[in-house]
Student: 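Let me begin by handing over the structure; questions about it come next.
Both ligands and their constituent atoms are indexed starting at 1 by order of listing. We're numbering straight along the sequence, starting at 1.
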Amino acid sequence: MISIQVKQLTKQFGSVVALHGLDLTINPGELFFLLGPSGCGKTTLLRSLAGFYIPEKGSILFGDEDVTRLEPHKRNTGMMFQSYALWPHMTVAENVAFGLEERKVLQTEITKRVGDALASVRMEQYAARKPNQLSGGQQQRVALARALVIRPRCLLLDEPLSNLDAKLRLEMRAEIRRVCKEFKLTTVYVTHDQKEALSIADRMAILESGHILQVGTPREVYKRPTRKVVANFIGETDFLLGKVLGKVGNYVTVETAVGKFDGIFGDPSNIPAVGDEVTISIRPECWELHRDAEHRNSVRGRIGESIYLGEVAQYEFVTSNGPTLKIFERNPRFVDGSTRGELYATVEPEDVVVLVD
Ligand code: ATP
C-alpha cells in the first residue's frame, strides 16, 4: 500500500490552466474519488498520476518516490478506462497475460498470475473466450483483471462503468470496492456518477475549474458542504438567502424571507459575522411536514406540484412569502389531495448548513 501525494500541481494546455497548484494526499489503501463538473480537471489529474501528462509545476509522490517525471510504464499503475480496450483477437487469458509478457515474466508465473487475477474477478471459467463472447460487465471484469495482474502500486480508474447498464453498474461498483480492499490498493476513481462515489468512496475531492473545493468522506461532503457550489453539485438542495442574527457556540441564527433558522456553519474556517449575508442549504429529504406550527425552524406553505414515487414523494412547497422549496417525503402522507391545505415544513438545525460563499 502506498500513499499518493500531489503537491502544488499545475498543468496547462497552452493558455488553459487545467490544474491550479493542487495539493492532495490520498492515504494508503484508500478508495478515493475525483468529482466535479465537466472540464474541472478530473481526467487531467488522473492522467498526470498515470504519467501521460507532465505538469508544469509541482510534484507527485507514490509513497516516498517522486514520480513526477517518471514514464508511465515505469510507474506500475493499474489502469481501467471507459472503453475497456480488450484485444478482440485474443482470448480473455491472453488479454490478461499481455502486460506480463511485455514485462518478460516467466511463462509458468504468467499462467499462475492470470489464473489468480481471473479468479479474483470471478472470471476463471471464461479464460478461453474472446471478448465478443462476453457481456459488457464480463468484459469490464477482464479489464479489471488485466489491471490487477501486474500487481500495481495503485489503481487509476476513469469512468470505468459508464458503458454499462444501470443494474450492472450497481453490481460492478460493489465488485470494484471489494477488489480494491482485498488487494489493499490505493485507488483513484474519476466519475460523473455521484451515487457511485457516495456509495463506495472512502473519501472524495470535489474539483471546479482546476481547484479542489472540498475533500472529505461521502457523509461529510454531502451533509456538511463548505461552499454553495459543493452543496449544489452533490445531491439536491434548497438555498435560502439570509442575514446572520446571532451565534451561540456552534449554532448560528439566520433571518430569511420565510422565517428564522438555527443552523450550523458549513465551513468552520470561514465563519460569518452578525449582520453578514449568507446562504443556507437544506437537503429536500431533511424537511418534515406538519399541520401545526409548534416547531423550531418552521416554514409555512402549501404543496404545489407533487410526484409520487412509491417510497418517496417529491413536492414543490410553495411558501407564503418566499421561494418555492423542494421537499422529499419518505412514506408519503401528504401526496393525497385531501390532506392538502396549509402546512409547516420543519428542519433540524444540524440539517441547516450556513454558507458564506
Ligand atoms: P469531463 O468530466 O468532461 O471528462 P474533466 O473534469 O475530466 O471533464 P479535463 O479533461 O481534465 O476535465 O479538462 C480540464 C480542462 O483542460 C478543460 O478546460 C479542458 O478543455 C482542458 N483540456 C484537457 N485536455 C486538453 C488538451 N489535450 N488540450 C487542451 N486543453 C485540454
Student: With no hydrogens and no angle check, do the side chains of His20 and Thr10 hold a donor and an acceptor under 3.5 Å apart?
Tutor: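 The criterion, which ignores hydrogens and geometry beyond distance, is not satisfied for Thr10 and His20.
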
Student: Are Tyr251 and Phe265, when compared by the centres of their aromatic rings, separated by less than 6.0 Å?
Tutor: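 No - the distance between ring centres of Tyr251 and Phe265 does not fall below the 6.0 Å cut-off.
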
Student: Quiz question for you: does at least one protein heavy atom lie closer than 4.0 Å to atom 22 (N) of ligand 1?
Tutor: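 At least one protein heavy atom is under 4.0 Å away.
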
Student: Nearest to atom 3 (O) of ligand 1, what protein heavy atom do you find, and at what distance?
Tutor: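 Checked against all protein heavy atoms, atom 3 (O) of ligand 1 sits closest to Ser38 OG, 2.5 Å.
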
Student: Of the listed options (Gly39, Cys40, Ala18, Gly36), which comes nearest to atom 17 (C) of ligand 1 when hydrogens are ignored and any heavy atom counts?
Tutor: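 Result: the heavy atom closest to atom 17 (C) of ligand 1 is in Gly39.
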
Student: Kindly identify the option in Gln12, His192, Glu208, Lys42 whose heavy atom sits closest to atom 6 (O) of ligand 1.
Tutor: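 Of the listed residues, Lys42 has the closest heavy atom.
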
Student: Determine, counting only non-hydrogen atoms of the protein, whether one lies under 4.0 angstrom from atom 19 (C) of ligand 1.
Tutor: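 Protein heavy atoms within 4.0 Å of atom 19 (C) of ligand 1 - there are none.
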
Student: Which option out of Leu35, Thr44, Val16, Leu207 puts a heavy atom nearest to atom 11 (O) of ligand 1?
Tutor: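 Nearest option to atom 11 (O) of ligand 1, by heavy atoms: Thr44.
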
Student: Counting both backbone and side chain atoms, is some N or O of Gly41 under 3.5 Å from an N or O of ligand 1?
Tutor: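 It does: an N or O of Gly41 is found under 3.5 Å from an N or O of ligand 1.
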
Student: Looking at Met90, is its backbone amide N or carbonyl O close enough to the side chain of Asn95 to form a donor-acceptor pair, meaning the two atoms are under 3.5 Å apart?
Tutor: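 Yes; judged by distance alone, with no hydrogens or angles, the pair exists.
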
Student: Among protein heavy atoms, which sits nearest to atom 29 (C) of ligand 1, and what does the distance come to when rounded to 0.1 Å?
Tutor: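 Answer, as residue, atom name and distance: Phe13 CB, 3.2 Å.
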
Student: Are any non-hydrogen side-chain atoms of Thr25 and Ile4 less than 4.5 angstrom apart?
Tutor: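 A side-chain contact under 4.5 Å is absent here.
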
Student: If the threshold is 4.0 Å, N to carboxylate O, is there a salt bridge linking Lys112 and Asp116?
Tutor: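 Counted as a salt bridge, because a side-chain N and a carboxylate O are separated by less than 4.0 Å.
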
Student: Taking the six-membered ring for Trp and the full ring for Phe, Tyr or His, determine whether the centres of Trp87 and Phe98 are under 6.0 Å apart.
Tutor: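 Centroid separation for Trp87 and Phe98: below 6.0 Å.
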
Student: In the protein, which heavy atom is nearest to atom 4 (O) of ligand 1, and how far is it?
Tutor: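 Ranking protein heavy atoms by distance from atom 4 (O) of ligand 1, first comes Thr43 OG1, 3.9 Å.
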
Student: Are any of the side-chain nitrogens in Arg169 or Glu196 under 4.0 Å away from the carboxylate oxygens of its partner?
Tutor: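 Between Glu196 and Arg169 there is a salt bridge, with a charged N closer than 4.0 Å to a carboxylate O.
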
